[in-house]
Every structure is written in C-alpha cells, then in structure tokens.
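Below: one structure, written as structure tokens.
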Amino acid sequence: MTAQSPHSEPGGRIVNWTGRLRGWGVRTLPPERLLPETQPSYVASWIYVFGMGAIAALAYVVVSGLVLALNGPSWYHVSAFGYFVNSTHLWAVELFFMTMVIHLWGKFWMASWRGGRALTWITGVIAFVVSIVTAFTGYLLQTNFDSEWIAFQAKDALNAVGVGAWFNVANLGQVLMWHIVLLPLAVGAVVVLHVLLVRVHGVVSPLEAAETDAQLRTDARLRTDAQLGTDAQLRTDAELGGMQARDSQAIPEAGTGGAA
C-alpha cells in the first residue's frame, strides 16, 4: 500500500495536504492578525469593551459549571461554598447575557456586517441564540419548584411542535447532558469561530470614521506589507522548488554518465 501522492505546485515544489493546509492557514490568518501588537484608535471606545466582557463572563461560566457538574446537586444545594459557586455561576450567566446584548445592539447600530463581515455578524447572532437554549437547560437543573414548573410548561410546548419525545425537558439526565456537554460545545465552537473572523477581517470601524484616519491608513499599510511578504515568500518557495527539481534531474544523469 503506497502513501498518498503529494501535490506538485508550480515551480516543482512538492507539497502534501498538510503543507497546503498550513499555507491556507497562514494566508487566511497571518500571525500579525492572529496576535496583533496594536489596535485601531477607535477601539478605545466603551462600545468595544462589551464583546470581551462577554468572553470573560463565558470563561467563568465554563469553569464554575465544571466545578458544579463534578460535585453534583447535593453539594451546591447543601454546602455553603457550593451554594456560593452556584450563585456566582448564575450571576456570571446574567453578566454574560447583559454584555452580549449590549455588544449585539452596539454592532447592529454600527452596521458591523460592512466590509465582508456578514459571517462575523451571523456567528454572533447564532452564539446568542444557542446561549439562550443553554441557559434554559441550566435553569431546569436547579431542581426546585420553579424549575420543575417551567420544565413541564416547556414540555407541553415542545410536545405541541412535535419534538417533545426527542428533547424531553422533564428528563433531568437528558437535560444535564444537553447543558454540560452538547450546548457548551456548540457555544464554544461558534464563539471561537466568531473571534477568528474578527481577527481575519479586523475590528469594524465606526460609521463616522473617515478613510483618511491615520489609524486606518496604518492598518491598510500593514495589510499591504503582509501581502507583499506573502508574495515574496511564495516566489522564494517557487525558486527553491525549481532548484530541487533541477537537482533531482541532475542526479540520475550523473549516475548514467558514471555507468558509461
């Protein structure tokens, strides 16, 4: 059984699928955009703080949720420290939704889908919707009268639309798995994709920002320099590939001459 044949690029350089994937990643998300050293001047506005505030609150929600899941309801309903962690978990969720709503409204009025950022806006909205379902399942896990009442009210609604047998909110074990495994993975994946898209396209500028702004000109110059650097690297790789191809052709010729 032979290995998968590599792909030959122009210039004679042989690249397999890992090389092509690495090249795509570097072109799509260069290091200077993934971990920038500077940010545009308009990021100093308070409206840009709430997105990072939502991520910070989400981080605490995940950590505190892991602690609650590992210790169980008998711990956070009886232990004083468990009750404290349970309370801070709830407060962090409320902070998460408050900052996310302000972030979404701020970006809506800034028309943040400009400049090819439509997918960035869509992933933000999807993260908000999935977070609502995650918070709903978490509320059902409080195992008190309020959560039981809401669970059976929701069960009637889900039965009415035909998904009650598949998503049974009266089944505490099923709701627990949805809340601590499936939905957090979905929220985390969408949030990571959202942040990467922000890095790829950059932070959206305010509507009143002029194209002559010094920070915008600097950002445009950095993009141009990065593109020039990428083109130069591609030319260098092509030249090296051509040299390797010529060397590989010269070796058999030398062997033939020696045999003669």
Side-chain angles (χ1 to χ4, degrees), residues 1-40 51-52 54-55 58-59 62-63 66 112-127 129-131 134 177-178 180-204 216 218-260:
M1 182 176 180
T2 60
Q4 183 180 0
S5 60
H7 174 73
S8 180
E9 290 186 345
R13 185 188 180 195
I14 298 176
V15 180
N16 56 14
W17 71 269
T18 57
R20 295 196 298 273
L21 180 62
R22 183 182 64 249
W24 175 85
V26 172
R27 290 191 302 271
T28 305
L29 194 62
E32 60 271 9
R33 283 202 169 275
L34 181 61
L35 296 173
E37 297 180 358
T38 59
Q39 289 290 350
M52 192 62 214
I55 293 177
L58 178 62
V62 172
V63 173
L66 287 174
S112 61
W113 47 83
R114 293 175 289 126
R117 295 180 176 89
L119 187 58
T120 308
W121 168 256
I122 292 173
T123 53
V125 174
I126 293 176
V129 174
V130 178
S131 298
T134 309
M177 288 299 100
W178 275 97
I180 68 175
V181 179
L182 299 177
L183 292 173
L185 288 176
V187 173
V190 176
V191 169
V192 169
L193 177 60
H194 181 75
V195 173
L196 289 177
L197 289 171
V198 171
R199 292 302 189 188
V200 169
H201 298 288
V203 180
V204 64
L216 295 179
T218 301
D219 189 54
R221 180 178 55 80
L222 290 176
R223 288 197 300 268
T224 303
D225 293 344
Q227 184 62 39
L228 291 176
T230 303
D231 294 342
Q233 184 64 42
L234 291 176
R235 288 195 300 270
T236 303
D237 293 342
E239 293 173 358
L240 291 175
M243 294 174 60
Q244 293 174 357
R246 288 193 297 271
D247 292 342
S248 62
Q249 294 175 359
I251 292 174
E253 294 175 358
T256 304

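Residues take their numbers from the sequence shown, with the count starting at 1.
Although no hydrogens or angles enter the test, the distance criterion places no donor-acceptor pair under 3.5 Å between the side chain of R33 and the main chain of T28.
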Exercise answer: donor-acceptor pairs, residues 182-197 side-chain atoms, under 3.5 Å, sequence neighbours excluded:
unit_1, atom_1, unit_2, atom_2, d
H194, ND1, T120, O, 2.9
H194, ND1, T123, OG1, 3.1

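In this structure, the separation between CE on M52 and CG on L58 is 10.5 Å, given to the nearest 0.5 Å. Of the inter-residue distances, the one linking L29 atom CG with W24 atom CH2 reads 8.5 Å to the nearest 0.5 angstrom. R22 CZ to R27 CZ: the interatomic distance, rounded to the nearest 0.5 Å, is 10.5 Å.
Minimum heavy-atom separation, R117 to H201: NH2-O, 2.9 Å. Shortest non-hydrogen contact noted between P36 and R199 is CG-NH1, 3.3 Å. Smallest separation of non-hydrogen atoms from V204 and R114: CG2-NH2, 3.3 Å.
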